[in-house]
Structures are given as C-alpha cells and as structure tokens.
Amino acid sequence: QVQLVESGGDSVQAGGSLTLSCAASGYIFGSYCMGWFRQVPGKEREGVATIYADGGSIDYADSVKGRFIISQDNAKNTVYLQMNSLKPEDTAMYYCAYRRAYCVTPASWRASWQSNYWGRGTQVTVSS
C-alpha cells in the first residue's frame, strides 16, 4: 500500500505563487509515476503534472506549462508542485497521485484507473 499526504494549499491573489508538497510512504520502489491532479466541483479530475521515479518524464498540462514546476526529493519521498503566476482558473482541489507504472502524459492519465493511489487533496484558491 501507498499513502500520500498533500500540504501547502492556501488562498492567494492572482499572480502569486504557492508550493504544494506530497509526502509518500509505504511500498514505494522500482518503476512508478507520481503526479498532480486537480478538480473543481462538477468537473472531472484532470492531470496537471507528472514525474517518473528517476526524475524523468516530467510533463505538464498545456494549461500550466511555463507556470508550474514539478520536482521530487527521493530522500524524503516527497514530490512538489511549484505554482507561479497563479490565475483564478487554477482554483481547485489539488491531489497527489501515484501509479506503479511508467508515466503517461497528464492528459492521458485517467483518474478512474484502479491502479491509482490518491491523497486527500489540498485546496488552492486564487482570487482576482
């Protein structure tokens, strides 16, 4: 089993920055992909960014490219999402995800896959 705990969500003004953290524990080894998703009420959970176990396969949804940066600290089993130039449309619940497989693109990573592990989420609110 894998446990994921997100933190760092907050309310900020447009143009501001936030860094989310995801602390992973449990059976984490070998080939796996970690990522960030976000969801607003009434919409599907969408992939935002991905990173492979070795720090490769970094990819972003088009809506956040150039503004968000995903990174990881393997010694701490923690993945980060640095969010810059935040916009009101970035307002959402942000979830950390883990899947014991090679990464696919954020757009291809389906939230419905049973192989996904999820954290409980952290709320990001961006006001104009």
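A donor atom on one side chain and an acceptor atom on the other are found under 3.5 Å apart for Asn84 and Ser17. Side-chain contact, Arg100 with Tyr32: no donor N or O sits under 3.5 Å from an acceptor N or O. Side chain to side chain, Asn74 and Gln72 meet the donor-acceptor criterion of an N or O pair below 3.5 Å.
Applying the 6.0 Å contact sphere to NZ of Lys65 captures more than 12 heavy atoms from other residues, nucleotides or ligands.
A continuous path of hydrophobic side-chain contacts links Trp36 to Val12 [ILVMFWY only; heavy atoms under 4.5 Å]. Under a hydrophobic clustering in which Ile, Leu, Val, Met, Phe, Trp and Tyr are joined whenever their side-chain heavy atoms come within less than 4.5 Å, directly or via other members, Met34 and Phe37 fall into different clusters. Tyr52 and Val79 fall into different hydrophobic clusters, where Ile, Leu, Val, Met, Phe, Trp and Tyr residues are linked whenever their side-chain heavy atoms come under 4.5 Å apart, directly or through other members. Linking ILVMFWY residues whenever their side-chain heavy atoms come closer than 4.5 Å, directly or via other members, places Leu4 and Ile51 in the same cluster. Placement of Tyr95 and Met83 in two distinct hydrophobic clusters is found when ILVMFWY residues are connected by side-chain heavy-atom separations under 4.5 Å, directly or transitively.
Distance alone, capped at 3.5 Å, places no donor-acceptor pair between the Gln39 side chain and the Glu46 backbone. In this structure a side-chain-to-backbone donor-acceptor pair under 3.5 Å is present from Glu6 to Arg120. For Asp90 (side chain) and Ala14 (main-chain N/O), no donor-acceptor pair under 3.5 Å exists by modelled atom type. Judged purely by atom type and a 3.5 angstrom limit, Thr122 has no side-chain atom pairing as donor or acceptor with the backbone of Ser7. Proximity of a side-chain donor or acceptor of Thr78 to a complementary backbone N or O of Ala23 within less than 3.5 Å is not detected.
The CG atom of Leu20 sits 7.5 Å away from the OH atom of Tyr94 when rounded to the nearest 0.5 Å. Atoms CD1 and CG, on Ile28 and Asn77 in that order, are 4.5 Å from each other to the nearest 0.5 Å. With values rounded to the nearest 0.5 angstrom, Tyr80 atom OH is found 11.5 Å from Cys96 atom SG. Taken to the nearest 0.5 Å, the CG atom of Leu86 stands 13.0 Å off from the OG atom of Ser128. In this structure, the separation between OG1 on Thr91 and CD on Gln123 is 7.5 Å, given to the nearest 0.5 Å. Atom OG of Ser25 is separated from atom CD of Gln3 by 4.0 Å, given to the nearest 0.5 angstrom.
Looking at heavy atoms from C-beta onward, Ile69 lies out of side-chain contact with Leu81 at the 4.5 angstrom threshold. Between Pro106 and Val48 there is no side-chain heavy-atom pair separated by less than 4.5 Å. Residues Arg45 and Met93 are not in side-chain contact: their nearest non-hydrogen atoms beyond the backbone lie 4.5 Å or more apart. Side-chain atoms of Cys33 and Tyr102, non-hydrogen and from C-beta on, never get closer than 4.5 Å to each other. Contact of the Ser63 side chain with the Arg38 side chain is registered, since non-hydrogen atoms from C-beta on lie closer than 4.5 Å. Residues Thr105 and Thr50 are not in side-chain contact: their nearest non-hydrogen atoms beyond the backbone lie 4.5 Å or more apart.
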side-chain contact (heavy atoms from CB on, under 4.5 Å) between Val124 and Leu18, worked out:
CA-CA 9 Å; Val124 173; Leu18 277 177; 3.9 Å; yes
Could you go step by step and tell me if Tyr98 and Trp118 meet the ring pair (Phe, Tyr, Trp, His ring centres under 6.0 Å) rule?
CA-CA 7 Å; Tyr98 169 98; Trp118 297 101; over 10 Å; no
Given ring pair (Phe, Tyr, Trp, His ring centres under 6.0 Å), test Phe68 with Tyr60 step by step and report yes or no.
CA-CA 8 Å; Phe68 290 11; Tyr60 301 94; 8.0 Å; no
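Taking the ring axis of Tyr117 as reference, the NZ or CZ atom of Arg99 does not stay both within 45° of it and closer than 6.0 Å to the ring centre.
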